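Everything on this sheet refers to the single structure shown next.
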Number of protein chains: 2
Amino acid sequence: MWLYFFGRGEVMDEMKLSDRKKQILKSIIDAYIDSGEPVGSKNLAAYGNISLSPATIRNEMSELESLGYLDKPHTSAGRVPSAQGYKFYVDQLNEDYRLGVEELELLGELTRFKTAQVESVIDRANKIMSGVTKYAAVSLARNENAGTVKRFDAVYIGEHSFLLVMILEDGSAKTSQLASEFTLTENDVRKIKELLNANLCGVVLDKIPLDQMMALEDAFGKHRALVGKILRAAYSVTRGDGTSDVKIDGLTNLLSYPEFSSVEKARSIVELAESRKGDIRKLLEFSEVGEEKGLSPVISDENGMKIFFGEESGDGALADTSLVYCSFPVGNTNAVIGILGPKRMDYKKVVASLKFLARSMGENGEALLPDGSKRIDGDAE
Amino acid sequence: MWLYFFGRGEVMDEMKLSDRKKQILKSIIDAYIDSGEPVGSKNLAAYGNISLSPATIRNEMSELESLGYLDKPHTSAGRVPSAQGYKFYVDQLNEDYRLGVEELELLGELTRFKTAQVESVIDRANKIMSGVTKYAAVSLARNENAGTVKRFDAVYIGEHSFLLVMILEDGSAKTSQLASEFTLTENDVRKIKELLNANLCGVVLDKIPLDQMMALEDAFGKHRALVGKILRAAYSVTRGDGTSDVKIDGLTNLLSYPEFSSVEKARSIVELAESRKGDIRKLLEFSEVGEEKGLSPVISDENGMKIFFGEESGDGALADTSLVYCSFPVGNTNAVIGILGPKRMDYKKVVASLKFLARSMGENGEALLPDGSKRIDGDAE
DNA sequence: TGTTAGCACTCGTAGTGAGTGAGTGCTAAA
DNA sequence: TTTAGCACTCACTCACTACGAGTGCTAACA
């Protein structure tokens with residue numbers, strides 16, 4: 001059973017619906033997801049497996065509409081599911097969807113990559129998910145600001161540059177290659193490392209008092225100019241907008257759906273991916289931040305699977321989209337992967353794929369410690 | 001003067017053209033770049049500063065067409081520049097274009113970023129270029145395969161992971177966070193570093209004999225499983241497709257031009273950016289690789305500024321685009337930045353902006369050694 | 001009382017065809 | 001050599017029509 005988070009906190013109750021209404025609603029949404037076009041009573045009677053006349057279906061449709069589950073684009077068009085309708089639909093999704101052979105094949109790649117580098121696991125998962133679902137996949141590699149640098153290291157590269165390594169609270173390592181005006185020796189670099197560890201570990205960088213910073217600069221001697229660069233690098237790693245942790249794949253997939261066939265729509269979705277990664281980050285982080293931007297309601301089930309309906313966000317780019325997402329452990333931290341698709345996307349398949357992903361990443365607690373013999377059992381539920 | 005690289009190596013000669021023809025051709029292209037629509041004789045007579053009657057202009061146009069400088073979309077439309085026409089046009093571009101105040105303002109940002117981290121300089125430059133030109137900017141951070149790893153380093157992160165640092169021939173540093181199944185100590189990591197430096201420096205990784213690799217695994221002891229991971233990381237860094245070095249910004253800009261107003265066009269250009277970075281890399285690397293894919297001809301001037309006409313590549317996504325690009329030193333290596341726009345893009349402005357960029361990055365030989373007092377003199381030529 | 005057939009009505013869409021206007025090429029006069 | 005005039009082309013716009021999928025209502029039926 002899914003939980004509903006509404007703006008006003010109420011919990012929805014569709015138990016009013018008769019079984020027949022449920023069946024009809026479900027058929028309508030299935031048909032709509034399939035075709036992308038408003039579905040009418042006649043077609044539903046003919047191709048949906050409902051043994052009722054179009055007229056009866058019409059009556060039911062009309063009631064479903066007044067109950068808020070369906071919308072009408074215009075008088076003489078068929079019906080289209082409303083956000084409420086979609087919510088009902090995903091709630092009924094418990095019946096399992098069996099992933100196809102090719103889908104399982106692709107998802108199987110995941111287990112192969114569990115042994116690879118930390119930073120690329122999520123990347124690969126993201127690409128694979130976009131390939132499997134044929135929608136866009138969005139991922140967030142680190143879902144909180146890391147706060148402070150736990151430990152510094154510095155690697156000598158050459159006379160004029162070194163690599164600053166910052167190990168964060170969550171065990172992830174960030175690096176930044178820095179250049180110096182003055183000649184650097186290996187010894188200089190070692191000293192820099194020691195100074196940083198002595199002075200900046202666990203320090204919230206925007207709260208450094210000026211005198212402390214000046215003292216640090218003095219300790220750097222002729223390399224004092226580096227202090228600013230280092231602080232800037234550390235700051236952007238701990239306090240940065242984190243947009244580099246947001247990855248998007250499969251935009252092209254998205255553009256092939258009719259809901260993005262106008263250039264404006266396409267443009268707004270490309271813009272989202274190109275210059276609004278911060279917003280996507282907020283979306284994936286869910287919770288308060290999203291709430292304040294009107295990015296709720298969202299529904300969520302007991303497996304941590306969450307669904308966001310873009311329609312209700314008031315955001316133009318997201319208007320016709322939905323996002324299904326969930327988080328799971330990767331290394332010492334958490335990753336979030338979501339599928340962004342048209343709001344009429346194939347929820348069954350998407351939910352099944354994400355569940356498969358979450359299970360194969362999270363099953364052993366620590367996804368990056370390979371167990372070598374991971375099986376694929378071919379069933380997604 | 002620009003040099004022309006043709007498929008068959010011939011050098012073009014437009015000296016045949018009378019001054020009047022040149023003037024008319026130039027006006028037509030200016031008008032077309034401005035409006036994006038075929039330009040007719042009447043309009044040209046009215047708004048271009050040519051004191052000839054439409055009829056005369058028509059005669060000249062007709063001759064320019066048969067000489068191959070102009071094309072006609074259909075009988076009763078105006079004329080449109082052909083690839084040859086564009087080539088003539090950019091060749092005449094010597095007359096300088098003065099960048100506007102806002103443009104200079106934006107470009108001025110470049111000098112501020114000269115002091116920042118190595119890896120982000122090109123990123124920022126790319127973003128700024130797309131902002132200034134209102135087209136897409138593409139950049140290549142490293143224009144050759146690095147060959148081998150010059151030196152290894154390893155930074156202990158925690159009990160189950162460490163950061164592998166690979167310093168390449170060109171002085172750039174690449175890192176990869178690796179996880180180990182068995183508990184790691186700082187000492188283990190130090191030993192790993194020594195083993196790598198003793199065995200893999202300067203080694204072409206795909207030519208390691210099996211016995212050597214087995215010996216290395218033995219030396220790793222219980223951490224033998226790491227050898228494979230390390231080799232894979234090093235291989236992808238030295239021999240990888242290098243697509244992560246290709247950055248694209250301003251796709252959204254591109255989508256607002258009418259030549260990309262069909263979804264198919266938009267899709268193909270998004271696809272190019274999303275999953276064909278390898279091709280973009282080849283383009284920016286120019287030379288042989290491009291040649292073999294039919295990615296020539298290209299014209300090039302004495303400042304290293306190059307222009308590629310997508311029309312002639314036979315590549316659908318590039319069909320309506322041009323790419324103006326040039327390379328300049330960043331740190332110890334070379335970067336290439338290009339502007340990808342509709343083939344009727346504002347070459348004057350783009351060339352001026354790129355020249356400004358190349359000059360402010362390359363002027364001091366070593367762009368990453370700040371001189372603190374870089375001036376902006378407000379003239380682009 | 002629930003279900004269905006019939007029918008009038010709505011409304012988006014595809015197709016048609018006349019009108020418009022920007023553009024060309026040709027010819028003959030200046 | 002330049003220009004005015006003229007016939008012709010052709011994409012584009014717009015009003016109009018026909019079509020058809022769909023609805024809602026009413027009355028008959030099981």
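As the structure is a computational prediction, the values presented were derived from the model and not from experiment. Below, all heavy atoms of this structure are taken into account, side chains as well, without hydrogens, waters or symmetry copies.
Listed nucleotides D:dT3, D:dT2, C:dT10 differ in distance to B:Ser53; the shortest reach to its side chain belongs to D:dT3. Comparing C:dG25, D:dT23, D:dC10 against the side chain of B:Arg79 picks out C:dG25 as the nearest. Among the nucleotides C:dT4, C:dG25, D:dC10, the one closest to the side chain of B:Lys72 is C:dG25. Out of C:dT24, C:dG25, D:dG24, the shortest distance to the side chain of A:Ser62 is found at D:dG24. The nucleotide whose nearest atom lies closest to any side-chain atom of A:Arg58 is, among C:dT4, C:dC7, C:dT24, C:dC7. Checking D:dT9, C:dG25, D:dG24 against the side-chain heavy atoms of A:Glu65 singles out D:dG24 as nearest. Across C:dG23, D:dT3, D:dT9, the shortest atom-to-atom separation from the side chain of B:Lys42 is found for C:dG23. You'll find that the side chain of A:Thr75 is closest to C:dC11, out of C:dT24, D:dA4, C:dC11. Counting only heavy atoms from C-beta on, A:His74 has its side chain closest to C:dC11 among C:dT4, D:dT3, C:dC11.
A:Arg79 pairs in a salt bridge (charged side-chain N to carboxylate O under 4.0 Å, His left out) with only one of the listed residues (A:Glu63, A:Glu65, A:Glu37), which is A:Glu65.
Using bins of under 30°, 30° to 60° and over 60° for the plane-to-plane angle, the ring pair B:Phe309/B:Tyr347 lands in the tilted bin.
A sub-4.0 Å separation between OP1 or OP2 of C:dG12 and a side-chain N or O of A:Ser76 is absent. Within the 4.0 Å cut-off from OP1 or OP2 of C:dG2, not a single side-chain nitrogen or oxygen of A:Asn59 is found.
Panel note: side chain B:Thr321, backbone B:Gly310; no donor-acceptor pair is recorded below 3.5 Å. Put simply, the side chain of A:Glu274 gets close to the backbone of B:Gly250: a donor and an acceptor are under 3.5 Å apart.
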